Structures are given as structure tokens and as C-alpha cells.
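Structure, as C-alpha cells:
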Amino acid sequence: MDTDAPDLLNVIDIEATCWDGQPPPGAVSEIIEIGLTVVDLRAGERLARHRILVRPARSTISAFCTELTGLTQAEVNTGVPFAEACRLLASEHRSGTRPWASWGDYDRNQFTRQCRATGTRYPFGHRHTNAKLPFTAAHGLRKRPGMAQALEVAGLPLEGRHHSGADDAWNIAALILDVAARGAWPEATTDWQTHY
């Protein structure tokens, strides 16, 4: 596999600490899992799936968060610090040079916020696509669907567990390939703002 091929796309889905209501005093929402699926747009296939567990520094896993994501405090305690996760994205997954996509802008915004708050170098380049937008257009929908609803629209199965970063990235990659097969995936550009 040529890891520098121009048709490769990183599909990212994150999970973060969350609560049923407001966070406890002093706690902030932090990334605890980064799911990454590599897609070959030209070949129309998902090439690889990766998962990086991230140990939170300013929050803990609530019972609500475990119920939603399946992640426990003991599990994320085995993860790497956020700065190390960002370094791994850049060094092992070419996140700084390869275009990337997520379902919505939450993932991009959360990385931006957390990098700023922790003084960590932002691991991605500027070629980001909010995959909801071309999917919504390709299927002629009036409203932007959530990922699970989009899979139903596309006639695709939900593989794995919803709200698992690794599984969601895998499923979002299938949706992106659906859009690409319809000739509706935007060409890679140098500025994510063109995909708003």
C-alpha cells in the first residue's frame, strides 16, 4: 500500500468524556478515543482501521459515558496522553498531509479546542470535509442526518457499536464511499472552509 497515495483519506471519529447534564465542577470534555479508518477513494475501499485510546487529564469517565461509548475509566487509563495521541496521528497516520473527514464538525472543533487548551500542536492539515454535507446533497435530503440514520438512507448496515470511535469511523468511511461512488465526493482542496 502506498501511504502517500493522493487518493487516501483519513476518516476520524472521536469519543470524549461526557455526562448526563453538566460536567462536574472543574471537569472538561476531553477526547478519550480516536477512531481512524483509511479510505482509498479511487479503489473504493476501506484499507485499514485504527484506534487510539487517550487518557483524560481533567475529567473522568461517568457512568453515562460508559453506557454511551462502552469505555470505562480502567480502559482509558491504559491510553496515551492527548499530546502523544496527536503525535501518533501525525507520525503514523500522516494526519498533517493527508486529507481527512468526519461526520459533522464536532471532531474538528473538539481537536481545535483541546489543542488550544493544552498547548498541543494541532495534528491535522487544512483539508477537512464534513462528510454530512456531500452525503446530504448526494441523497437529495432536506436535513442533515446523523450517522446511523445516514446508514439507513444508504442501505448500509451499522457495523459494530454506535458511539465507538473505531466502529463509527469505519461506518462513516462506508458512507463516504457511497458518496464517492455517486461521483459526489468533493475533490481534495487546500482549505476545509470550501466544504462548509
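This structure is a prediction, so every number in the text was calculated from the model and none was measured. All values below were derived from every heavy atom in this structure, side-chain atoms included, with hydrogens, water molecules and symmetry-related copies excluded. All residue numbers in this chain count up from 1 along the given sequence.
In this structure, the side chains of I61 and V76 come closer than 4.5 Å at one or more pairs of heavy atoms. Proximity of C65 to W19: side-chain heavy atoms (C-beta onward) are nowhere separated by under 4.5 Å.
A distance of 4.0 Å separates CZ of R42 from CG of D7, quoted to the nearest 0.5 Å. R46 CZ to L177 CG: the interatomic distance, rounded to the nearest 0.5 Å, is 7.0 Å.
In this structure, R127 forms no cation-pi arrangement with W100, as its terminal cationic atom is not both closer than 6.0 Å to the ring centre and no more than 45° off the ring axis.
Donor-acceptor pairing under 3.5 Å is recorded for the side chains of E30 and S59.
With hydrogens and angles ignored, the 3.5 Å screen pairs a side-chain donor or acceptor of N10 with a backbone N or O of H93. D107 contributes a side-chain N or O that, together with a main-chain N or O of I14, makes up a donor-acceptor pair within less than 3.5 Å. The closest donor-acceptor contact from the side chain of E159 to the backbone of N171 lies at 3.5 Å or more, if one exists at all. Remark: side-chain polar atoms of W170 are not paired, donor with acceptor, to backbone N or O of L36 under 3.5 angstrom. Not one N or O on the side chain of Q73 forms a donor-acceptor pair closer than 3.5 Å with the backbone of T60. Using a distance-only test at 3.5 Å, with no hydrogens or angles considered, no donor-acceptor pair links the side chain of T37 to the main chain of A173. A donor-acceptor distance shorter than 3.5 angstrom exists from the side chain of S62 to the backbone of C18, with no hydrogens or angles considered. Remark: the backbone N or O of D13 is not paired with any side-chain donor or acceptor of S102 at under 3.5 angstrom. Listed for the T69 side chain is a donor-acceptor partner under 3.5 Å among the backbone atoms of L71.
For residues 163-185, every residue pair satisfying the salt bridge (charged side-chain N to carboxylate O under 4.0 Å, His left out) rule, not counting sequence neighbours, is listed here: R49-D167, D178-R182.
Aromatic ring centres of F135 and H139 lie closer together than 6.0 Å.
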Q: Give the intermediate values and the outcome of salt bridge (charged side-chain N to carboxylate O under 4.0 Å, His left out) for residues E92 and R98.
A: CA-CA 11 Å; E92 294 185 15; R98 192 178 286 168; over 6 Å; no
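Under a 4.0 Å N-O distance rule, the pair E33/R55 does not qualify as a salt bridge.
Smallest separation of non-hydrogen atoms from C86 and R121: CB-O, 4.1 Å. Between A85 and I52, the closest heavy-atom pair is CB-CG2, 3.9 Å.
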